[in-house]
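Let me begin by presenting the structure, written as structure tokens, before commenting on it.
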Amino acid sequence: MSEESGTVQVFEDLEAQLCELEILESMFPGQNELEFSDPAILHDVREFLENKSLEPSCVEFSLRLLFQDKAVETIVNLPKDYPSISQPQVYLRSDHFSRASQARINDDIKRFIEKETVPGEPNLVGVVSWVQESGDGYFCETVSVSAPTESTELGSFSRYWIYSHHIYSKIKRKNILDLSKEYNLTGFCMPGKPGIICIEGSTKNCGDWWYIVRNWNWKRLSLKIQEEKEIDGSLADMRAFAGFNEIGEVKGGGRDFHMDMGAFQAYLEDHGFRHVFGEIFGLE
């Protein structure tokens, strides 16, 4: 594809995306219903289409749908080449889903997008309609069981060190925090470019968390270090971190911010992981 035809395709894709997003704005005008990770993204898209300004970043948003008193959060990332080539990346979560039903609804929405939509055609409104029509069918599996406690987490202990090309999205960062608490994991998330995540807890919970997060839309995400040990005493005694927190100091401004690597290295040293810095970044 030539550069000129590629630019034309980008324009056509963003025009289609903008049309669908304006429809969704009209369908969900309420406060906190439709939330964009970057509040200025629609303005940026319009500026690009009207004035050929800088190409905007990918559109990411969260749509909150209510089923009586139960909320379902639909998290959507639109690749720049949607709808011509790629499909929307969709992830659904709810405090009222069991783990099994949450996994099932995400498998089903992925299957719907792959099998029931027309390649090359906008399908975002159809995807949202599917969630509206089908979402309440997954609540029946919900069980009133809280996140596993340390006394019931048997087996082995794991600690994962994860490297991401970047972590900017406020929605993604919030979901990382929420999901870590849901799975009773401790550790941290350092947003920016690059982004680093550490989780620790029972091996089963770390594996379940990783299965969900790695299937989100990422430019590059890799599990750099995976530690596993048999639990000796209590799980609490094996944890190096208290709670799960977002850490880091911003170095420079703007949307594509970087974090202070010196401060991050000092943070690792304070927690007894001086060696990890070199392993994550491939340093001798």
Side-chain angles (χ1 to χ4, degrees), residues 13-49 56-80 82-83 86-99 101-113 116-117 121-142 167-182 191 212-213 215-218 246 255:
D13 282 336
L14 287 176
E15 283 180 335
Q17 290 185 25
L18 183 60
C19 181
E20 284 196 296
L21 293 168
E22 288 174 343
I23 291 172
L24 290 181
E25 281 190 313
S26 67
M27 291 171 62
F28 303 100
Q31 188 176 8
N32 300 324
E33 281 189 298
L34 182 62
E35 178 184 357
F36 291 94
S37 178
D38 178 357
I41 188 62
L42 293 189
H43 172 269
D44 291 349
V45 171
R46 293 186 181 103
E47 279 290 306
F48 176 73
L49 295 174
S57 57
C58 293
V59 176
E60 183 181 65
F61 64 88
S62 173
L63 178 63
R64 187 171 181 268
L65 300 173
L66 283 177
F67 296 83
Q68 295 182 348
D69 59 339
K70 299 174 180 177
V72 174
E73 185 179 15
T74 304
I75 302 146
V76 180
N77 181 287
L78 299 180
K80 290 183 181 178
Y82 163 80
S86 297
Q87 296 282 25
Q89 303 290 325
V90 181
Y91 176 72
L92 296 103
R93 68 183 303 274
S94 173
D95 293 338
H96 301 280
F97 289 153
S98 66
R99 291 189 190 178
S101 61
Q102 183 155 300
R104 189 165 68 87
I105 194 172
N106 279 291
D107 286 343
D108 289 349
I109 189 65
K110 183 177 181 180
R111 189 177 300 110
F112 171 80
I113 293 171
E116 303 297 330
T117 61
E121 294 293 327
N123 56 45
L124 190 54
V125 174
V127 168
V128 172
S129 296
W130 183 92
V131 177
Q132 289 177 306
E133 294 168 4
S134 308
D136 59 355
Y138 296 83
F139 292 121
C140 61
E141 296 182 13
T142 303
I167 305 175
Y168 297 140
S169 164
K170 292 179 181 179
I171 294 173
K172 191 174 287 180
R173 287 157 59 185
K174 176 181 180 297
N175 284 319
I176 287 171
L177 291 169
D178 290 346
L179 200 63
S180 299
K181 292 175 182 177
E182 179 182 336
I212 293 171
V213 173
N215 283 295
W216 296 348
N217 187 48
W218 299 91
E246 190 168 280
R255 297 177 190 172

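Count residues from 1 along the sequence. Values below: every heavy atom of this structure, side chains too, minus hydrogens, waters and symmetry copies.
Remark: the backbone N or O of Ala71 is paired with a side-chain donor or acceptor of Ser94 at under 3.5 angstrom. Side-chain N or O atoms of Trp218 include none that pairs as donor or acceptor with a backbone N or O of Ile167 at under 3.5 Å. When atom types are taken as modelled, the side chain of Ser62 and the backbone of Ile75 share no donor-acceptor pair closer than 3.5 angstrom. Although no hydrogens or angles enter the test, the distance criterion places a donor-acceptor pair under 3.5 Å between the side chain of Thr117 and the main chain of Ile113. For the pair Gln17 (side chain) and Pro79 (backbone), a donor-acceptor distance under 3.5 Å is present. Checked by atom type and distance alone, the side chain of Ser86 never pairs as donor or acceptor with a backbone atom of Tyr82 at under 3.5 Å.
Here the closest heavy-atom approach between residue Ile41 and residue Ser57 is recorded as CD1-O, 3.5 Å. Here the closest non-hydrogen pair linking Leu42 and Glu25 is CD1-OE2, 3.4 Å. A pairwise comparison of heavy atoms in Arg64 and Asn32 identifies CB-O, 3.6 Å as the closest pair. The two residues Ile171 and Ser37 make their nearest non-hydrogen contact at CD1-N, 3.7 Å. Nearest approach of Val131 to Phe67, heavy atoms of both residues: O-CZ, 3.3 Å.
Between the side chains of Asn175 and Tyr91, no donor-acceptor pair is found at a separation under 3.5 Å.
Interatomic distance, Ile212 CD1 to Glu182 CD, rounded to the nearest 0.5 Å: 6.5 Å. Asp13 CG to Leu18 CG: the interatomic distance, rounded to the nearest 0.5 Å, is 12.5 Å. To the nearest 0.5 angstrom, Asp95 atom CG is 9.0 Å from Glu73 atom CD. Within the model, atoms CZ of Arg104 and OG of Ser98 stand 8.5 Å from one another, a figure rounded to the nearest 0.5 Å. For the atom pair Asn123 CG and Gln87 CD, the distance stands at 5.0 Å (nearest 0.5 Å).
Scored by the side chain to side chain contact (heavy atoms under 4.5 Å, CB included) test, Glu35 finds no partners at all (sequence neighbours excluded). With sequence neighbours excluded, the residues satisfying salt bridge (charged side-chain N to carboxylate O under 4.0 Å, His left out) with Arg46 are Glu22.
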Please walk me through it: do Asp107 and Lys110 pass salt bridge (Lys or Arg N to Asp or Glu O under 4.0 Å)?
-> CA-CA 5 Å; Asp107 286 343; Lys110 183 177 181 180; over 6 Å; no

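A salt bridge does not link Lys181 with Asp178: every distance from a Lys NZ or Arg NE/NH1/NH2 to an Asp or Glu carboxylate oxygen is 4.0 Å or more.
At least one side-chain heavy atom of Pro56 sits under 4.5 Å from a side-chain heavy atom of Leu14. In this structure the side chain of Asp44 reaches within 4.5 angstrom of the side chain of Asp38, judged on heavy atoms. Put simply, the side chain of Glu246 reaches to within 4.5 Å of the side chain of Pro191, judged on heavy atoms. In this structure, Thr74 and Val128 have side chains that are not in contact, with every pair of non-hydrogen atoms separated by 4.5 Å or more. Leu21 is listed as a side-chain neighbour of Leu124, based on a closest heavy-atom distance under 4.5 Å. Annotation: side chain of Trp216 is in contact with side chain of Ile176 (closest heavy-atom distance under 4.5 Å).
Relative ring orientation between His96 and Phe139 is described as perpendicular, the plane-to-plane angle rising above 60° on a 0-90° scale split at 30° and 60°.
Among residue pairs with one or both ends in residues 20-47, those qualifying as ring-ring contact (aromatic ring centres under 6.0 Å, His included) are Phe36-Phe61; sequence neighbours excluded.
Annotation for Lys80: atom NZ counts as buried by contact number, over 12 foreign heavy atoms lying within 6.0 Å.
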